[in-house]
Structures are given as structure tokens and as C-alpha cells.
Amino acid sequence: MKMLAFRYHGPNDMRLEEVEAPQVAVGELIVEMESASFCGTDLRIVHGNHRHYPAGTVRTPGHELVGRISQIGEGVKGYELGQRVFVAPNIGCGHCEECISGNNNLCTDFNALGITLDGAFAQSVRVPANAVKQGNIMPIGENVDPAVAALIEPFACVLRGQRPLNIQPGEVVLVMGAGPIGIMHLKLARLKGAGQVIVSEPVAERREQAAAFGADRVVDPFNEDLKAVLQANSHGRGADAIIIAAPVNALQEQSLDLAAVGGRISFFGGLPKDKPTIQFNSNLVHYKELIVSATTACSTDNCRQAANIVNSGRVDLSPLVSARVRLADAAEGLRLAEDRKSLKVVLVP
Ligand SMILES: [Zn+2]
Ligand SMILES: [Zn+2]
């Protein structure tokens with residue numbers, strides 16, 4: 001049987017094509033895609049900038065997947081045909097120190113849907129036996145919009161990113177970059193009781209979106225003095241927590257200066273791979289006792305927590321879905337995902 005898939009054939013060469021549909025094997029599940037959202041990682045892949053897509057790779061990207069179980073392999077228990085599930089994309093070996101301690105995103109022997117394995121930009125997706133065994137399949141309520149549930153993966157990354165920041169009620173939080181990830185950081189900081197969330201973003205549409213999503217103050221960093229705004233809103237102290245949700249070297253450098261004494265910083269977004277170094281004022285870290293942290297992707301445990309939050313309705317991610325595009329029109333979806341105005345673009349069958 002054939003199915004439709006949106007496949008990578010090389011840098012800037014994505015093709016919508018008919019491929020062989022996956023057939024279930026022992027221990028596996030097949031999930032029929034209901035929603036698959038585009039992510040910054042997918043854009044990196046498309047442009048040939050992803051380390052797991054070396055020259056010659058032909059693969060289906062997509063790692064933000066919600067769908068219905070359409071085939072159940074021999075030996076798999078606890079799931080039903082037709083059940084709606086979110087699939088946590090990162091699959092560790094299951095027995096190294098990282099996996100055992102719940103950090104399977106850091107496993108050196110890892111696989112991931114849409115990264116090293118065929119992913120979600122297709123009608124059906126094979127979930128390998130070790131992923132099924134390790135609990136990567138998470139039930140999603142029938143009342144939850146599957147397009148919103150697909151955002152569990154990026155939200156899990158955001159949860160992971162904020163863990164080292166330990167945001168306390170009343171604190172001043174600065175989010176640099178108001179793309180979909182920046183907006184999720186804003187929402188989570190709110191949930192944690194931040195006193196003020198200030199969002200810095202150069203694109204006007206994105207500033208407006210951030211304001212609509214509950215930012216206390218939005219700043220245009222090219223036309224306003226961000227440091228002065230922060231000081232005016234923090235009794236001159238600066239930000240208690242700073243999240244850099246944009247791949248911009250200068251923002252990482254600047255954040256050390258913008259942080260309050262005792263501030264915590266997350267270098268959330270990775271930098272361009274040909275320009276990964278920054279000027280790091282170590283004395284600012286020293287004299288202000290700053291904590292500079294970073295995270296990469298998300299563990300299955302982070303997904304579990306994000307799925308619980310989304311299933312509970314405690315954080316409403318639905319306004320983040322800015323477009324739903326049919327898989328057959330995936331090229332249009334990709335164009336929208338790159339326009340710097342869309343939040344999350346979600347493929348649907
Ligand atoms: Zn993602
Ligand atoms: Zn491992």
C-alpha cells in the first residue's frame with residue numbers, strides 16, 4: 001500500500017511523493033497522522049543545516065506528532081486501535097546513565113522520529129518497538145484539539161529549558177525572541193507566577209502577538225533601550241530570569257549585562273553551526289553570581305509533563321496554531337512556517 005509523504009532529498013529539495021506505507025512488526029505501533037507541526041528544527045533540516053541529515057540523506061522529517069493508532073504489533077499491550085496519541089519523538093537506548101536518569105534526549109545512542117528515523121510529515125508513521133516499550137506513546141483526550149496536542153513536543157522543550165531557571169512568583173522575566181517558542185516561554189513563566197514578563201522582539205507583528213499573549217511589556221530592541229526598560233520595571237535590578245529564544249550570538253552576550261544579581265539565564269536557542277562562539281564577560285557572571293544554563297530538545301519525561309498540562313487545559317496553546325495545511329499542500333505549509341509571522345503551522349491529513 002502507498003501513502004503520501006513530504007520527504008527531504010537534499011538542501012532545499014523537499015518532495016511530496018508516494019512511498020510504501022509502513023506495516024507493523026513485532027512490538028511496534030503504526031500511527032495515522034492527525035497533526036504534525038513544523039518546528040525550527042525542520043527548517044534547519046530543510047536547508048541542509050542539521051547534523052543528522054548529512055549529504056545523501058533521504059528521509060521524512062517531522063517530530064511533533066499526534067495521530068490515531070492504526071496498527072498494533074504482536075506483543076503490544078495497553079493500546080487500542082483508533083486511540084488518539086501523542087508520540088514523544090526522542091528514543092534513547094534505554095539503559096545508559098542518561099536514559100536511566102530520565103534524560104533520554106542526551107543519550108549518545110539515540111534515535112528520534114523525523115531526525116534519524118522517518119517522521120511525521122506523512123500519512124502514517126512507524127513507532128519502533130523500543131519507543132513503545134519506553135513509554136513514548138501518550139494518550140490524548142478526545143476533547144483536545146490534535147493540532148494543539150502536537151505542540152506538546154515544543155512545550156516539553158520549553159519546560160525543560162525553564163527548569164534550571166527556577167522562576168519564583170513575582171520575579172521579572174525577560175524573553176528575547178517572540179517566535180512560537182518565545183510565546184510558550186512567556187505562557188509558562190506566567191503559569192509559574194512571574195511578576196512581570198517582558199518580551200524583546202524586532203518584528204512588529206510578533207511584538208503584537210506577544211502582547212496579545214499576555215506580555216506585560218514588549219520592546220523593540222532596535223528602537224528602544226532594552227536595559228533602560230528592564231531597569232524601570234525592576235527597581236533598577238535587571239531581569240531575574242532571561243530566556244534567549246532566538247539563534248542570535250549578540251543576544252547571548254547582552255543577556256549577561258541585562259541580568260539582575262543572582263539572575264539565571266537560558267541559552268535556549270542553538271547558534272548557527274558555522275558561528276557558535278560568543279564574547280562571554282565572565283566577570284559579570286562572577287560578580288553577579290549568575291547561572292547560565294542551556295538545554296537541548298526534550299526528554300520523554302518532559303513530554304509526559306507537557307502532555308499532562310495540555311490534557312488538563314491549564315495552559316491554552318490553541319492560539320499558537322496559526323495555520324492548518326493539508327499534507328498534500330505541505331510545500332505551502334513550509335512556506336508559511338518560514339514567513340517569520342506565523343506561529344505554528346500544522347499539517348493535517
Ligand atoms: Zn520541535
Ligand atoms: Zn541511552
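When a ligand or atom number is given, it counts from 1 through the structure's own listing order.
Results of the side chain to side chain donor-acceptor pair (under 3.5 Å) test with Thr300 over Asn104, Asn90, Asn105, Asn103 single out Asn104 as the only residue that passes. Of the listed residues (Glu18, Glu20, Glu17), just one forms a salt bridge (charged side-chain N to carboxylate O under 4.0 Å, His left out) with Lys2, and that residue is Glu20.
The Zn ion (ligand 2) lies under 2.8 Å from an N, O or S atom belonging to Cys99.
Distances from the Zn ion (ligand 1) to each N, O or S atom of Glu153 single out OE1 as the nearest. Of all the N, O or S atoms in Glu64, the one closest to the Zn ion (ligand 1) is OE2.
When rounded to 10 degrees, the angle formed at the Zn ion (ligand 1) by NE2 (His63) and SG (Cys39) equals 100°. Around the Zn ion (ligand 2), the two atoms SG of Cys107 and SG of Cys93 are separated by an angle of 110°, to 10 degrees.
Expressed to the nearest 0.5 Å, how far CZ of Arg264 lies from CD of Gln162 amounts to 10.5 Å.
Under the 3.5 Å distance criterion, with hydrogens and angles disregarded, no donor-acceptor pair is assigned to the side chains of Arg160 and Thr295.
Taking the side chain as every heavy atom from C-beta outward, Val173 and Leu165 never approach each other to under 4.5 Å.
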